[in-house]
Amino acid sequence: MPLTIVRNDITKMDCDAIVNAANNTLLGGGGVDGAIHRAAGPELLAECRTLGGCDTGRAKITNGYRLPAKYVIHTVGPIWQGGGHGERELLASCYRESLRLAVENGCKTVAFPLISAGVYGYPRAEALRVAMDTCSDFLMEHDMMIYIVVFDRGALLVSEKLFADIRSFVDDNYVERHEDNNRKRLFGLFGARKESAMPAAEAMHNAEAAKADFEECSMMAESAFHGAALPTSLVNAINQIDESFSQMLLRKIDEKGLTDAQCYKKANIDRKLFSKIRSDVNYKPKKITVIAFAAALELTIDETRDMLMKAGFALSHSSKFDIIIEYFISHGRYDIIEINEVLFEFDQPLIGG
Ligand code: APR
């Protein structure tokens with residue numbers, strides 16, 4: 001998963017480089033700046049003194065000294081002044097400039113804090129969105145592992161409206177479907193009680209429809225048995241029954257007119273994993289990988305269920321993760337960054353691979 005969000009103390013991250021949310025003097029401060037200097041030891045400050053400060057939106061690199069990370073990339077975020085003073089562009093520049101230095105110094109793994117989202121007052125949800133969008137754009141052209149490190153449980157990391165919508169979707173489906181299933185099982189055992197039985201007309205309609213379906217299927221079976229040509233749609237359907245996950249994935253990439261790279265980058269999947277899937281027709285992916293591809297390919301909820309089934313999975317209403325995924329797919333919201341921000345907020349695994 002080239003871009004992921006983790007809850008941790010950045011000074012503990014064993015990456016090639018960690019990024020410091022510094023101030024223009026580069027001579028230390030509070031927050032993550034203070035934590036990094038404390039963990040790195042006095043040699044860090046001594047090296048910072050030689051750098052001559054740093055402009056907002058720019059970045060400079062030092063050694064990591066006593067930190068697990070080999071390097072510290074110091075960048076200075078904008079102070080939030082309401083959003084009308086170029087804050088977004090300056091913040092995005094912090095991530096771009098830090099990543100440029102990381103590439104120049106051969107870094108393969110980089111960890112960022114939420115720059116400007118503390119003392120500098122940048123709203124957390126927007127600060128996270130700038131971080132994810134800028135890093136995601138960078139990863140379209142580069143191979144690197146990027147961690148966005150969230151340290152505390154402050155304000156929401158997603159919009160309040162989206163959080164509320166998903167919270168009620170999870171509450172309804174999670175509780176309701178369970179009761180529904182129980183109710184169905186009970187009625188099946190003891191028959192529907194009079195006052196809650198399905199209206200007779202509806203029951204009759206359903207029975208007629210079921211009978212018609214059965215007759216159509218038995219007719220098709222009959223014609224198949226006698227060698228008559230089956231409708232093309234049924235032939236395709238039968239052919240796809242034994243299609244593997246990998247075959248369905250490659251078929252869908254072609255149908256959507258995407259290149260392999262466009263698809264796996266959009267799915268937050270690294271190149272090596274995609275190569276494994278492409279070269280093994282029976283590859284068994286993780287559920288988070290299947291769902292990431294479903295989102296990248298903008299599959300319908302039925303196509304998503306079909307792809308999951310080919311990998312041996314299903315969407316269940318006894319899982320908050322599955323219900324959140326169903327929310328996004330059934331609402332046609334396929335932005336993996338947004339999906340992962342919400343999954344992170346609900347303490348669920350992120351999608352990608
Ligand atoms: N690991 C990861 N993230 C951390 C840690 C940590 N150990 N400590 C704090 N954070 C988070 C905060 O919760 C916040 O979300 O880092 C984010 C950035 O907060 P600040 O450190 O306050 O940085 P910023 O908002 O960019 O303000 C920079 O604060 O510390 C001073 O010298 C610094 O003057 C500069 C200003």
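The first residue in the sequence is number 1, and the count goes up from there.
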How many angstroms lie between atom [atom1] of [X] and atom [atom2] of [Y], to the nearest 0.5 angstrom?
X: L67; Y: R38; atom1: CG; atom2: CZ; value: 11.5 Å
X: H331; Y: E326; atom1: NE2; atom2: CD; value: 9.5 Å
X: N173; Y: S316; atom1: CG; atom2: OG; value: 11.0 Å
X: I36; Y: T11; atom1: CD1; atom2: OG1; value: 7.5 Å

Could you give the side-chain donor-acceptor pairs of residues 342-353 under 3.5 Å, partners two or more places apart or in another chain?
from	atom 1	to	atom 2	distance (Å)
E345	OE1	L157	N	2.6
D347	OD1	R153	NH2	3.0
D347	OD2	R153	NH2	3.0
Q348	NE2	F346	O	3.2

Does [X] come within less than 4.0 Å of [Y], counting only side-chain N to carboxylate O?
X: E89; Y: R96; value: yes
X: K60; Y: D55; value: no
X: E298; Y: K252; value: no

Any sub-3.5 Å donor-acceptor pair from [X]'s side-chain atoms to [Y]'s backbone N or O?
X: T50; Y: A46; answer: no
X: N268; Y: M1; answer: no
X: N23; Y: G28; answer: yes
X: S168; Y: D165; answer: yes
X: E338; Y: R333; answer: no
X: N105; Y: L101; answer: yes
X: N24; Y: G53; answer: no

My understanding is that only residues two or more places apart in sequence, or in another chain, count here; which of them pass side-chain hydrogen bond (donor to acceptor under 3.5 Å, both in side chains) with [X]?
X: D270; answer: none
X: S116; answer: none
X: R100; answer: E97, E104
X: K70; answer: none

So the salt bridge (charged side-chain N to carboxylate O under 4.0 Å, His left out) pairs with at least one residue in residues 119-138 (sequence neighbours excluded) are R88-D133, R124-D152, R129-D133, R129-D335, R129-E341
Residues 314-323 vs salt bridge (charged side-chain N to carboxylate O under 4.0 Å, His left out), sequence neighbours excluded, gives K287-D322
Review point. What residues form a side-chain contact (heavy atoms from CB on, under 4.5 Å) with M144, not counting sequence neighbours?
Key: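 By the side-chain contact (heavy atoms from CB on, under 4.5 Å) rule, M144 matches L99, A102, V103, V110, F138, L139, I146.
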Q: Please identify each residue that fulfils side-chain contact (heavy atoms from CB on, under 4.5 Å) with S246, with sequence neighbours left out.
A: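 For S246 the side-chain contact (heavy atoms from CB on, under 4.5 Å) partners, ignoring immediate neighbours, are S244, L250, I277.
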The complete set of ring pair (Phe, Tyr, Trp, His ring centres under 6.0 Å) pairs with one or both residues in residues 47-76, sequence neighbours excluded, reads none
Filter on ring pair (Phe, Tyr, Trp, His ring centres under 6.0 Å), then keep only pairs touching residues 274-306, sequence neighbours left out; what's left?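 Listed once each, the pairs are Y264-F274.
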Non-hydrogen atoms of [X] and [Y] that approach each other most closely:
X: I337; Y: S136; answer: CD1-CB, 3.6 Å
X: I336; Y: K266; answer: CD1-O, 3.3 Å
X: A17; Y: I73; answer: CB-CD1, 4.0 Å
X: F313; Y: P285; answer: CE1-O, 3.3 Å
X: I115; Y: A127; answer: O-CB, 4.2 Å
X: G64; Y: A40; answer: O-CB, 3.7 Å

Does atom NZ of K284 have more than 12 heavy-atom neighbours from other groups under 6.0 Å away?
->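 Above 12, so yes.
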ask   = Should we count CZ of R271 as having more than 12 external heavy atoms under 6.0 Å?
value = no
Do [X] and [Y] share a hydrophobic cluster (ILVMFWY, side-chain heavy atoms under 4.5 Å, transitive)?
X: I61; Y: V32; answer: no
X: M132; Y: L90; answer: no
X: L114; Y: V149; answer: no

Kindly determine whether T300 and D302 satisfy side-chain hydrogen bond (donor to acceptor under 3.5 Å, both in side chains), including the steps that lead there.
CA-CA 5 Å; T300 64; D302 289 339; 5.3 Å; no
Practice item. Let me see the working for L297 and C263 under side chain to side chain contact (heavy atoms under 4.5 Å, CB included), right down to the final yes or no. Key: CA-CA 7 Å; L297 292 163; C263 180; 4.0 Å; yes
Other ILVMFWY residues reachable from L27 by side-chain steps of under 4.5 Å: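 Noted: L27 shares its cluster with L45.
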query: Is K256 close to L299 at the side-chain level, that is, under 4.5 Å between some pair of heavy atoms?
result: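 L299 vs K256: side chains touch.
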- Message: Check the orientation of F112 and Y95. Use parallel for under 30°, tilted for 30 to 60°, and perpendicular for over 60°.
- Response: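 Tilted.
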For this session: I would like to know whether K265 and E141 meet salt bridge (charged side-chain N to carboxylate O under 4.0 Å, His left out); could you show each step before the answer?
Result: CA-CA 9 Å; K265 292 268 185 188; E141 307 299 331; over 6 Å; no
